[in-house]
Amino acid sequence: MSYKSILVHVDNSDHAPERIALAARLASQQDAHLIGAATTGIAGELLRTSAMMYAGMVPQEQLDELVSNAEQALAKFETQASAADVRYERRISDDDPQDGLVLQARYADLVVLSQCEPGEEGLLMGPGLAAHLALNGGRPVLVVPYAGTYPHMDRHALVAWDGSRSATRAVTDALPLLRRSARVTLAVFDAAHQYGVHGAEPGADIALFLARHGVKVEVSQQPKPEGASIGEALLSLSADLGADLLVMGAYGHMRWRETVLGGVTRTLLASMTLPVLMSH
């Protein structure tokens, strides 16, 4: 199993180059086809003005600027992808990123996005893009922190395991990366209070599954975090281990409950310090 098609979001944000560089490295390692996808947002602009019954009220200069911005971003992507010596193609659509990338994601094995930077709400990327893609794209999403550089994701991976459907999906979706990692730690938090979830030895069954796929894995049972959330505990553990990749299920509880209570996904998307692969 390997990734054969990797989709990366392309825009003009300051952290796009790092996101594209990471996606290109993965494409090279996996011998995958790299797809750079940019969106103009024109469809959204026309829908917003349709409330006034006149789509033509959007000035042509504004539409031309949206297209020009997307083309400039794709030109930068093409320069990086060409330098990385990977097979690639560029795509452009007039959708907003949320809609355009969801459609493109369904024809890729992995989607690479950036964490939203505070104050970035005015850019096309939008604050909820990673969460939206994880919930609606049907493909694993690799989210890259907006700050820092991440030249390695093959030294020590941390897997958050709670026995849920979304965690199972994430572990399976991450197999191409986990097999390349020199070390994999599978963390199980507060297993004693999760009756009927983990079996007699928490983490043992999924560890055996991973081992049969050639993953070098060790199980680490963690106590219930005192004074911290599971999300905060995961970030703290990843720092202690020197992990360069975190694998987790996205929105393991019902979406409304995550919205009201916060949730591990929300914590990680807000405070991540390493690349996170998440699946729903």
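The environment of Asp85 atom CG is sparse: at most 12 non-hydrogen atoms of other residues, nucleotides or ligands sit within 6.0 angstrom. For Arg165, the CZ atom counts as loosely surrounded, since its 6.0 Å shell holds 12 or fewer non-hydrogen atoms of other residues, nucleotides or ligands.
For Asp173 and Ser279, the side-chain atoms include at least one donor-acceptor pair closer than 3.5 Å. One side chain, Thr185 or His156, offers a donor N or O that lies under 3.5 Å from an acceptor on the other. No hydrogens or angles considered: nothing links the side chains of Arg169 and Ser164 as a donor-acceptor pair under 3.5 Å. Ser5 and Asp109 share no donor-acceptor pair across their side chains, judged by distance under 3.5 Å alone. Ser236 and Glu232 share no donor-acceptor pair across their side chains, judged by distance under 3.5 Å alone. Side-chain contact, Ser82 with Gln80: no donor N or O sits under 3.5 Å from an acceptor N or O. No side-chain donor from either of Glu18 and Tyr150 sits under 3.5 Å from a side-chain acceptor of the other.
Across all their heavy atoms, Ala157 and Leu178 have their closest contact at CB-CD2, 3.7 Å. Heavy atoms only, all atoms of each residue included: Leu277 and Pro140 are closest at CD2-CB, 4.1 Å. Minimum interatomic distance between Ile92 and Ala70 (heavy atoms only, all atoms of both residues): CD1-CB, 3.6 Å. Considering every non-hydrogen atom in both Thr39 and Pro97, the closest pair reads OG1-CG, 3.4 Å. The two residues Ala32 and Arg87 come nearest to each other via the heavy atoms C-NH2, 3.7 Å. Nearest heavy-atom pair across Leu274 and Ala243 is CD1-O, 3.5 Å.
For the atom pair CG (Leu113) and CE (Met278), the distance works out to 10.0 Å, reported to the nearest 0.5 Å. Atom CG of Leu101 and atom CZ of Arg139 lie 14.5 Å apart (nearest 0.5 Å). Considering CD1 of Ile6 and CG of Leu26, their distance stands at 5.0 Å, rounded to 0.5 Å. Between the CG atom in Leu234 and the OG1 atom in Thr267 there is a gap of 9.5 Å [rounded to 0.5 Å]. Here the straight-line distance linking atom CG of Leu110 with atom OG of Ser2 works out to 11.5 Å at 0.5 Å rounding. Taking CG from Asp31 and NZ from Lys4, the interatomic distance works out to 5.0 Å, rounded to the nearest 0.5 Å.
Applying the side-chain hydrogen bond (donor to acceptor under 3.5 Å, both in side chains) criterion to Lys216, with sequence neighbours excluded, gives no partner residue. Under the rule for a ring pair (Phe, Tyr, Trp, His ring centres under 6.0 Å), the partners of Phe209 that lie at least two apart in sequence or sit in another chain are His213. Glu65 meets the salt bridge (Lys or Arg N to Asp or Glu O under 4.0 Å) test with no other residue; sequence neighbours excluded.
Looking only at distances, no side-chain donor or acceptor of Asp99 sits under 3.5 Å from a matching main-chain atom of Asp95. Using modelled atom types, one side-chain atom of Gln115 and one backbone atom of Ala270 make a donor-acceptor pair closer than 3.5 Å. Remark: the backbone N or O of Leu235 is paired with a side-chain donor or acceptor of Ser238 at under 3.5 angstrom. Without hydrogens or angle criteria, Ser181 side chain to Leu177 main chain gives no donor-acceptor distance under 3.5 Å. With hydrogens and angles ignored, the 3.5 Å screen pairs a side-chain donor or acceptor of His280 with a backbone N or O of Ala250. No donor-acceptor pair closer than 3.5 Å links the side chain of Asp162 to the backbone N or O of Val188.
A salt bridge is defined here as a Lys NZ or Arg NE, NH1 or NH2 lying under 4.0 Å from an Asp or Glu carboxylate O, and Glu71 with Arg90 meets this definition. The pair Glu78-Lys76 does not meet the salt-bridge criterion, since no charged nitrogen lies less than 4.0 angstrom from a carboxylate oxygen.
Only one option out of Asn69, Asp94, Asp64 pairs with Thr40 in a side chain to side chain donor-acceptor pair (under 3.5 Å); it is Asp94. When each of Leu186, Val184, Val171 is paired with Val215, the side-chain contact (heavy atoms from CB on, under 4.5 Å) condition holds for Val184 and for no other.
Residues Arg183 and Glu218 meet the side-chain proximity criterion, which asks for heavy atoms closer than 4.5 Å. In this structure, the side chains of Leu245 and Leu142 come closer than 4.5 Å at one or more pairs of heavy atoms. Within the 4.5 Å cutoff, side-chain heavy atoms of Ile230 are placed close to those of Pro225.
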Margin query: One pair to check against side-chain contact (heavy atoms from CB on, under 4.5 Å): Leu210 and Arg179. What are the steps and the verdict?
Written below: CA-CA 9 Å; Leu210 287 169; Arg179 279 206 301 261; over 6 Å; no

Checklist line | Derivation and outcome, side-chain contact (heavy atoms from CB on, under 4.5 Å), residues Val112 and Leu7 | finding: CA-CA 6 Å; Val112 182; Leu7 179 74; over 6 Å; no

Next item on the list: Mind running side-chain contact (heavy atoms from CB on, under 4.5 Å) on Glu117 and His15 for me, showing each step along the way?
Entry: CA-CA 9 Å; Glu117 186 173 1; His15 33 80; 3.6 Å; yes

Note to self: Checking Gln222 against Ser220 for the side-chain hydrogen bond (donor to acceptor under 3.5 Å, both in side chains) test, could you report, in this order, the C-alpha distance in whole Å, the side-chain angles of both residues, the deciding distance, and whether it holds?
What the structure shows: CA-CA 6 Å; Gln222 298 288 320; Ser220 176; 2.6 Å; yes

Check: Where do Ser13 and Arg19 land on the side-chain hydrogen bond (donor to acceptor under 3.5 Å, both in side chains) test, with the steps shown first?
Finding: CA-CA 10 Å; Ser13 62; Arg19 176 200 323 149; 3.1 Å; yes

Checklist line | Chi angles and distances behind the side-chain contact (heavy atoms from CB on, under 4.5 Å) call for Val247, Leu158 | finding: CA-CA 6 Å; Val247 175; Leu158 174 62; over 6 Å; no

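Classification of the Tyr88-Phe77 ring pair by plane angle, with boundaries at 30° and 60°, yields perpendicular.
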